[in-house]
Protein chains: 2
Amino acid sequence: MQLTQFTDLSLRLLIHLARLPEPGMATISEIAEYYEISRNHLMKVTNSLVNQGFIMTTRGKGGGIQLARPAYTIGVGEVVRATEPNMNLVECFDAPNNQCRLTRDCFLKATLYEAQRAFMAVLDKYTLADAARFGFKADLSTLSVDKPPST
Amino acid sequence: MQLTQFTDLSLRLLIHLARLPEPGMATISEIAEYYEISRNHLMKVTNSLVNQGFIMTTRGKGGGIQLARPAYTIGVGEVVRATEPNMNLVECFDAPNNQCRLTRDCFLKATLYEAQRAFMAVLDKYTLADAARFGFKADLSTLSVDKPPST
DNA sequence: CAATAAGATGCATTTCAAATACATCTTATT
DNA sequence: AATAAGATGTATTTGAAATGCATCTTATTG
């Protein structure tokens, strides 16, 4: 259960831009250097975000990239949906190619869908403005995915 | 955002067993044939489930595999946690190897954790007995992961 | 209008986890 | 002994994702 690094970088790039002071412009090279990642890879991420309408670019000297909309109008869920290449949790989510013989009467599928919807619903509660907030220092021990004690 | 086929097969195998009439025994070869998947692969799945205590095996003629506990005591979430090899949604979830420069004050991490917890909480509501239920025929159009209209 | 700084695009290559295959080995029944 | 089942370890393949490379377009500046 992982998101691709592509999605991870998309979110980081957007957060980076959201945190910049007005006018919130940076170059791809700058950002690649900051995160110590390949400029080429970040370029791909950038173009995808441009095509999805999340950022806009200015070419030439003095150019760079900026958010295309205010941070508080960009939902985290929206970004993940637009960026993550494959949201098919299991084979049978991909109806045209599904081979599983259980499908037509399998309650598991409904369960997994419900879980995925719950996942996305949380992301839909937050915007880039939230995600870009500084100062998060929660105790990591509270961030476990283990089942909480049922008592 | 996908679970591995390994996890998918683990769940299918358990559901298969849960659906069998008493005493709920089947051979790996039978199941592999039913799902049209490699016996070898299913063998790996089987062994993992044995080691996790979900199923028990009987060797030799007349043997096979069975649930080790009643289906209603086996949580879907429990199976996923035990089976899915990597629950690190993004790089920074893997603290020892994290390289991301945002980590220490990034609200995104908390958001993703919350989403993952919501995901698992749904799976924790259901057991194998639920997942093995027959007769699920929900309209697939209700199963979308798209953001619901906010009105 | 040449030089330079930025992003855009297409294609090729690499990487790595996951999946698959293969070869034995162990245990139980008949 | 023969056979039917699962167990284990190793090797190989596969495919999506990541990475690299080359070239093109657009804009600014002196």
Side-chain angles (χ1 to χ4, degrees), chain A residues 1-10 12-13 17 23 25-33 35-68 83-91 94 97 99-100, chain B residues 1-10 12-13 17 23 25-33 35-68 83-91 94 97 99-100:
Chain A
M1 186 184 190
Q2 292 172 274
L3 300 178
T4 61
Q5 194 174 325
F6 192 87
T7 299
D8 191 6
L9 289 186
S10 296
R12 287 194 211 175
L13 178 81
L17 293 178
M25 171 107 69
T27 68
I28 294 174
S29 300
E30 272 169 31
I31 302 177
E33 231 169 278
Y35 288 104
E36 294 170 311
I37 54 183
S38 131
R39 187 181 170 281
N40 290 291
H41 199 195
L42 199 58
M43 194 70 209
K44 290 251 173 82
V45 170
T46 299
N47 280 309
S48 140
L49 292 173
V50 170
N51 293 331
Q52 307 285 351
F54 294 117
I55 62 179
M56 50 189 214
T57 63
T58 313
R59 289 183 178 191
K61 187 157 192 171
I65 57 183
Q66 300 169 278
L67 293 184
T83 309
E84 188 66 10
N86 189 344
M87 293 294 280
N88 296 317
L89 266 189
V90 290
E91 186 189 356
D94 179 25
N97 298 310
Q99 301 276 126
C100 178
Chain B
M1 187 185 191
Q2 292 172 275
L3 300 178
T4 60
Q5 194 174 324
F6 191 87
T7 299
D8 191 7
L9 289 186
S10 295
R12 287 194 212 175
L13 178 84
L17 293 179
M25 171 106 69
T27 69
I28 295 174
S29 300
E30 272 168 31
I31 301 176
E33 232 168 277
Y35 288 104
E36 293 171 311
I37 53 182
S38 129
R39 186 180 170 282
N40 290 291
H41 199 196
L42 198 57
M43 194 71 209
K44 290 252 174 81
V45 170
T46 299
N47 280 309
S48 140
L49 293 172
V50 170
N51 293 331
Q52 306 285 349
F54 294 117
I55 62 180
M56 50 189 214
T57 62
T58 314
R59 289 184 180 189
K61 189 157 190 172
I65 57 183
Q66 301 168 277
L67 293 184
T83 309
E84 188 65 12
N86 189 343
M87 293 293 280
N88 296 318
L89 266 189
V90 291
E91 185 188 356
D94 179 25
N97 298 311
Q99 303 275 126
C100 178

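Naming: A, B, ... by sequence-line order, numbering from 1 per chain.
Looking at the side chain of Pro85(B), the nearest of the listed nucleotides dA18(C), dA6(C), dT26(C) is dA18(C). Distances were taken from every side-chain heavy atom of Arg59(A) (C-beta onward) to each of dG20(D), dA21(C), dT26(D); the shortest belongs to dT26(D). Nearest nucleotide to the side chain of Ile28(B), out of dG6(D), dA21(C), dC21(D): dG6(D). The listed nucleotides are dA8(C), dA19(C), dA5(D); the one nearest the side chain of Val50(A) is dA8(C). The side chain of Asn40(B) has dA23(C) as its nearest neighbour among dT19(D), dA23(C), dA7(D). Of the candidates dT19(D), dA23(C), dA5(C), dA5(C) carries the atom nearest the Lys61(A) side chain, counting heavy atoms from C-beta on. Among the nucleotides dA18(D), dA11(D), dA8(C), the one closest to any side-chain atom of Thr46(A) is dA8(C). Proximity note for His41(A) (side chain, C-beta onward) versus dA5(C), dA18(D), dG6(D): the nearest is dA18(D). The side chain of Asn47(B) lies closest to dT8(D) when the candidates are dT20(C), dT8(D), dG6(D).
At least one donor-acceptor pair closer than 3.5 Å links the side chain of Ser10(A) to the backbone N or O of Phe6(A). For Glu91(B) (side chain) and Gln99(B) (main-chain N/O), a donor-acceptor pair under 3.5 Å exists by modelled atom type. Of the possible polar contacts, none joining the Gln66(B) side chain to the Leu17(B) backbone as a donor-acceptor pair under 3.5 Å is found.
The CG atom of Leu42(A) sits 11 Å away from the P atom of dA8(C) (whole-angstrom rounding). Between the CG atom of Leu17(A) and the P atom of dG7(C) there is a distance of 11 Å, given to the nearest Å. Computed from coordinates, the Met56(B) CE to dG6(D) C1' distance equals 14 Å when rounded to whole Å. As rounded to whole Å, 18 Å separates atom P of dA18(D) from atom CE of Met43(A). Taking atom CG of Leu49(A) as the reference point, atom C1' of dG7(C) lies 14 Å away to the nearest angstrom. Remark: C1' of dA18(C) and CE of Met1(A) are 18 Å apart, rounded to the nearest angstrom. The nearest whole Å value for the distance from the CZ atom in Arg39(A) to the P atom in dA18(D) is 19 Å. Atom CE of Met87(B) and atom P of dA18(C) are 13 Å apart (whole Å).
To the nearest 0.5 Å, the span separating CD on Gln2(A) from OG1 on Thr4(B) amounts to 10.0 Å.
Here dT29(C) sits opposite dA2(D) as a Watson-Crick or G-U wobble pair (both hydrogen-bonding atom distances under 3.5 Å).
Place Asn86(B) and Gly60(B) on DNA chain C by their nearest nucleotides, and Asn86(B) ends up nearer the 5' end. Take the nearest nucleotide of DNA chain D for Gln5(A) and for Thr57(B): the residue whose nucleotide is more 5' is Thr57(B).
Side-chain nitrogen and oxygen atoms of Ser38(A) include at least one within less than 4.0 Å of the OP1 or OP2 phosphate oxygen of dG20(D).
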Exercise. Any chance you could lay out the side-chain contact (heavy atoms from CB on, under 4.5 Å) test for Thr46(A) and Ile31(A), step after step, and finish with the verdict?
Key: CA-CA 11 Å; Thr46(A) 299; Ile31(A) 302 177; over 6 Å; no
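A 4.5 Å side-chain heavy-atom check between Lys44(B) and Asn40(B) finds every atom pair outside the cut-off.
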